[in-house]
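Report on the following structure.
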Amino acid sequence: MTDESRMTPKETQRQAALDYHRLPRPGKLEIRATKPLANGRDLSRAYSPGVAEACLEIKADPAAARDYTARGNLVAVVSNGSAVLGLGDIGGLASKPVMEGKAVLFKKFANIDCFDIEVNESDPVKLAEIVCALEPTFGAINLEDIKAPDCFIVEDICRERMNIPVFHDDQHGTAIVVGAAAVNALHVAGKRFEDIKVVSTGGGAAGIACLNMLLKLGLKRENVWLCDLHGLVHEGREEDMTPQKAAYAQASDLRSLDQVIEGADLFLGLSGPGVLTPDMVRKMSSKPIIFALANPTPEILPDDARAAAPDAIIATGRSDYPNQVNNVLCFPFIFRGALDVGASEINDEMKVACVQGIAELARRTTSAEAAAAYRGEQLTFGPDYLIPKPFDPRLMGVVASAVAGAAMETGAATRPIADMGAYKIALDGSVFKSALIMRPIFDAARSAARRIVYAEGEDERVLRASQAVIEETTETPILIGRPDVIETRCERAGLTIRPGRDFEVVNPENDPRYRDYWGTYHELMARRGVTPDLAKAVMRTNTTAIGAVMVHRGEADSLICGTFGQFLWHLNYVTQVLGTGGLHPVGALSLMILEDGPLFIADTQVHPDPTPEQVAETVIACARHVRRFGMTPRIALCSHSQFGNLDCVTGVRMRAALEILDSQPRDFAYEGEMTLDAALDTELRERIFPGGRLDGPANTLVFANTDAASGVRNILKMKGGGLEVGPILMGMGNRAHIVTPSITARGLLNMSALAGTPVAHYG
């Protein structure tokens with residue numbers, strides 16, 4: 001057993017990496033079945049004799065393989081281990097952890113299935129033949145960590161012979177991300193491709209591919225100065241030359257990097273540590289762009305480069321400095337777009353579309369999800385934020401759709417997509433779990449411009465949600481908080497919105513409406529023991545009460561509160577101010593978005609131990625809200641009792657609620673009382689209680705107390721991978737919603753869309 005207390009930090013880090021790969025089971029991948037295999041019937045369909053039908057369909061039409069097999073979403077990562085990361089030629093077997101890691105990235109970032117294939121073959125022609133022979137298995141090939149110039153030979157042969165995309169990521173993935181970073185670096189520096197001088201070190205696969213990409217973006221060939229270990233690549237040189245290097249040979253008497261760096265606008269390093277010195281940086285132009293991409297030690301450390309040129313714009317290949325040039329920004333999404341349109345290749349136009357998509361995304365406001373993953377970093381477009389972060393979930397929709405569009409425009413797509421707008425929505429929906437099910441809500445919200453007041457306006461999640469509300473809806477956010485604090489936090493979070501310009505701010509410390517607000521609150525609460533002094537104090541300190549008063553006075557249409565504090569505390573003030581005209585809290589409904597579909601749960605917050613009348617009212621309200629999501633309600637009244645077999649408290653309560661519901665005709669399906677497994681398992685329910693009113697599994701579970709409802713909600717969220725939309729406060733006419741402290745910025749955006757839906761849409 002390793003004694004970590006005696007290990008150096010470097011040894012501890014090494015051991016942690018080894019444990020990550022070894023425990024709790026070796027490796028980073030597994031294979032899972034996507035179809036049931038529980039009985040003889042399943043077996044006869046999965047294998048003999050049923051499998052023969054799928055085989056015959058594919059024999060008749062090879063394109064049908066996409067319909068009947070996993071091939072259309074399956075990529076091979078192929079390597080012979082001849083140029084692995086910074087490790088060199090370590091062979092196929094030793095490269096396997098890297099290739100497994102690449103496969104994991106495909107799955108994580110683009111939901112692409114992947115097999116890693118390590119091949120003991122050093123001859124590039126033979127290696128290419130092996131890869132070509134794999135075509136029946138895969139929808140695309142990712143070549144990885146093959147040394148130059150062999151990688152050029154392998155890719156050229158495979159691209160010529162194969163009818164599926166073949167992509168050497170070390171070349172083209174690096175080139176695409178470098179291209180995107182260069183586009184934005186020039187934007188920041190105020191320079192143009194056609195005017196700049198580029199000096200590059202490293203004539204390997206990645207270096208050549210990057211230069212080729214920069215030419216496609218507008219760089220002039222005569223302005224490229226390529227250096228390697230032997231100095232400038234110049235006309236007439238014979239030492240260590242390849243056709244790829246020769247294409248960039250300069251007719252010049254200059255020979256060293258130190259000589260050619262004079263006046264350079266962009267240094268592109270894909271070589272080794274210490275190649276670029278501070279003195280060389282000083283010889284570059286103003287606002288020099290330095291891409292020092294050698295790993296793990298760059299050609300020059302960013303601190304040294306900035307000391308030599310304070311206005312330098314710097315990128316590296318490392319994650320501990322800004323502007324990491326990371327291929328994961330590219331390869332999952334270019335393959336996603338290519339696979340989805342059945343591309344026969346990944347051509348230059350698709351690569352350039354990928355460049356432009358990545359670059360454009362960085363110039364937008366950063367996403368809340370990326371900010372959460374990189375907490376503490378300022379993700380604002382500029383010298384230190386040229387390209388998005390890998391965990392920015394918008395990459396999927398932006399980049400993959402751009403690539404798919406380019407494939408269709410150039411004729412590379414064998415299965416063009418008819419509706420690109422719907423395709424992008426589907427891509428976003430695969431990343432943002434709530435996107436698809438929330439679409440009807442967002443569509444309805446666009447029918448009216450409602451004013452949403454946020455009680456906790458200084459919270460960064462609220463600020464990010466407000467930015468998204470302004471960008472994606474017709475709603476108007478109103479934030480309660482101190483304007484100077486809100487402005488500072490907007491700047492720190494990299495948001496473009498500003499108080500007073502993009503949204504209204506209510507300052508509890510100093511607002512001209514203060515007298516009107518405390519007067520209104522006192523008028524409402526005077527006969528409930530609230531004195532004028534207490535009303536004044538509440539309107540100075542209680543932002544939930546302030547927001548509720550604004551809605552009561554017609555200055556806002558809906559209130560969102562609850563990012564901190566206890567739900568019932570907020571509910572008390574919401575009910576005090578807004579519980580008039582027949583409005584009262586009925587229950588809290590949480591929508592849980594799970595892998596196998598949505599599931600609604602109630603009442604998670606409002607009535608700890610509801611009466612049968614309150615349960616029945618909750619069921620009726622649930623049916624109304626479930627329809628808002630375009631779904632047909634199937635509601636189960638859940639209890640420990642199963643159709644009358646126990647006289648426990650919850651069983652008696654739910655049976656009484658059922659009688660109330662049965663007393664009038666209802667236009668939705670409900671059944672109870674029943675246990676949770678009977679609600680979700682149709683076959684089990686039919687065995688226990690045949691001929692019931694539910695057709696299929698319930699999609700809405702109403703519990704007899706909040707302990708049960710909230711417990712199920714939390715288990716699904718924390719252990720079941722569920723994403724919550726809500727809680728939705730039912731019964732208040734959409735005038736207020738109380739969220740929970742665990743809500744994310746996207747969760748707040750979803751709640752804003754719900755609050756932005758006119759009451760007429762409630763049904």
Side-chain angles (χ1 to χ4, degrees), residues 169-193 195-202 206-219 224 264-271 276 281 284-285 287-295 298-302 305-306 309 311-334 351-364 366 370 374 377-392 394-395 398-399 402 494:
D169 187 44
D170 302 310
Q171 291 182 64
H172 309 300
T174 304
I176 286 168
V177 183
V178 164
V183 166
N184 282 343
L186 292 175
H187 184 91
V188 171
K191 300 180 181 182
R192 304 187 308 166
F193 275 110
D195 300 328
I196 64 171
K197 174 183 177 180
V198 174
V199 174
S200 179
T201 59
I208 296 296
C210 288
L211 292 177
N212 291 343
M213 174 56 72
L214 295 180
L215 293 187
K216 295 181 183 75
L217 296 172
L219 176 65
V224 177
D265 298 283
L266 168 60
F267 169 79
L268 176 60
L270 291 134
S271 47
L276 186 69
V281 172
M284 296 179 69
S285 69
K287 295 184 179 178
I289 300 167
I290 299 171
F291 289 176
L293 306 181
N295 248 331
E299 286 78 1
I300 186 170
L301 290 172
R306 187 156 282 116
D311 59 351
I313 301 167
I314 305 166
T316 71
R318 292 173 50 146
S319 60
D320 53 348
Y321 290 106
N323 298 324
Q324 183 192 19
V325 174
N326 191 331
N327 288 16
V328 79
L329 290 172
C330 158
F331 72 82
F333 315 112
I334 199 167
K351 297 172 193 172
V352 170
C354 195
V355 168
Q356 300 296 355
I358 294 170
E360 188 272 333
L361 186 56
R363 295 194 295 271
R364 293 190 199 172
T366 184
Y374 300 93
E377 297 186 44
Q378 186 168 352
L379 307 183
T380 307
F381 178 68
D384 289 335
Y385 186 68
L386 299 174
I387 46 180
K389 293 290 188 177
F391 283 96
D392 191 326
R394 299 171 300 174
L395 282 161
V398 170
V399 178

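Along the sequence shown, the residues carry numbers beginning at 1. Only this structure's heavy atoms are used, side chains among them; waters, hydrogens and symmetry mates stay out.
When every heavy atom of Ala185 is checked against every heavy atom of Phe291, the shortest pair comes out as CB-CZ, 4.2 Å. Annotation for Pro298 and Ala292: closest pair CB-O, 3.4 Å, computed over non-hydrogen atoms. For Gly269 against Thr201, the heavy-atom pair with the smallest separation is CA-OG1, 3.4 Å. Of all heavy-atom pairs between Ala206 and Asp170, the closest is CB-O, 3.3 Å. Shown here for Ala402 and Ala353, the closest heavy-atom pair between the two residues is O-CB, 3.6 Å. In terms of heavy atoms, Gly357 sits closest to Val398 at O-CG1, 3.6 Å.
Between atom CG of residue Asp311 and atom CE of residue Met284 there is a gap of 10.5 Å, rounded to the nearest 0.5 Å. Between the CG atom in Leu217 and the CG atom in Asn212 there is a gap of 11.0 Å [rounded to 0.5 Å]. Separating the CG atom in Leu268 from the CG atom in Leu276 is a distance of 11.5 Å, to the nearest 0.5 Å. Asn295 contributes atom CG, which lies 7.5 Å from atom CZ of Arg318 (distance to the nearest 0.5 angstrom). Interatomic distance, CD1 of Ile289 versus NZ of Lys191, reported as 6.0 Å (0.5 Å rounding). Annotation: the span from Leu293 atom CG to Thr174 atom OG1 amounts to 8.0 Å, rounded to 0.5 Å.
When each of Val325, Val188, Ile358 is tested with Leu386 by the rule side-chain contact (heavy atoms from CB on, under 4.5 Å), just one qualifies, namely Val188.
Of the possible donor and acceptor atoms, one in the side chain of Asn184 sits under 3.5 Å from a partner among the backbone N and O of Ala359. Not one N or O on the side chain of Arg363 forms a donor-acceptor pair closer than 3.5 Å with the backbone of Phe381. Looking at Asn323, its side chain does come within 3.5 Å of a backbone N or O of Pro383 through a donor-acceptor pair. Using modelled atom types, one side-chain atom of Gln324 and one backbone atom of Gly317 make a donor-acceptor pair closer than 3.5 Å. Panel note: side chain Ser285, backbone Ala264; a donor-acceptor pair is recorded below 3.5 Å. A donor-acceptor contact shorter than 3.5 Å is absent between the side chain of Asp384 and the backbone of Pro322. With Glu299 contributing its side chain and Ala294 its backbone, the two residues share a donor-acceptor pair below 3.5 Å.
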Might you work through the side chain to side chain contact (heavy atoms under 4.5 Å, CB included) test for Ile196 and Leu219, ending with a clear yes or no?
CA-CA 7 Å; Ile196 64 171; Leu219 176 65; 3.9 Å; yes
Do Met213 and Val352 pass the side chain to side chain contact (heavy atoms under 4.5 Å, CB included) test, and can you show the C-alpha distance, the side-chain angles, and the key distance before you say yes or no?
CA-CA 8 Å; Met213 174 56 72; Val352 170; 4.3 Å; yes
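Residue-environment remark: NZ (Lys287) stays at or below the threshold of 12 foreign heavy atoms within 6.0 Å.
No side-chain heavy atom of Val281 sits under 4.5 Å from any side-chain heavy atom of Phe267. Using a 4.5 Å heavy-atom threshold, the side chains of Gln171 and Ile208 count as separate. Looking at heavy atoms from C-beta onward, Leu329 lies in side-chain contact with Leu395 at the 4.5 angstrom threshold. At a threshold of 4.5 Å between non-hydrogen side-chain atoms, the residues Lys216 and Lys351 do not count as touching.
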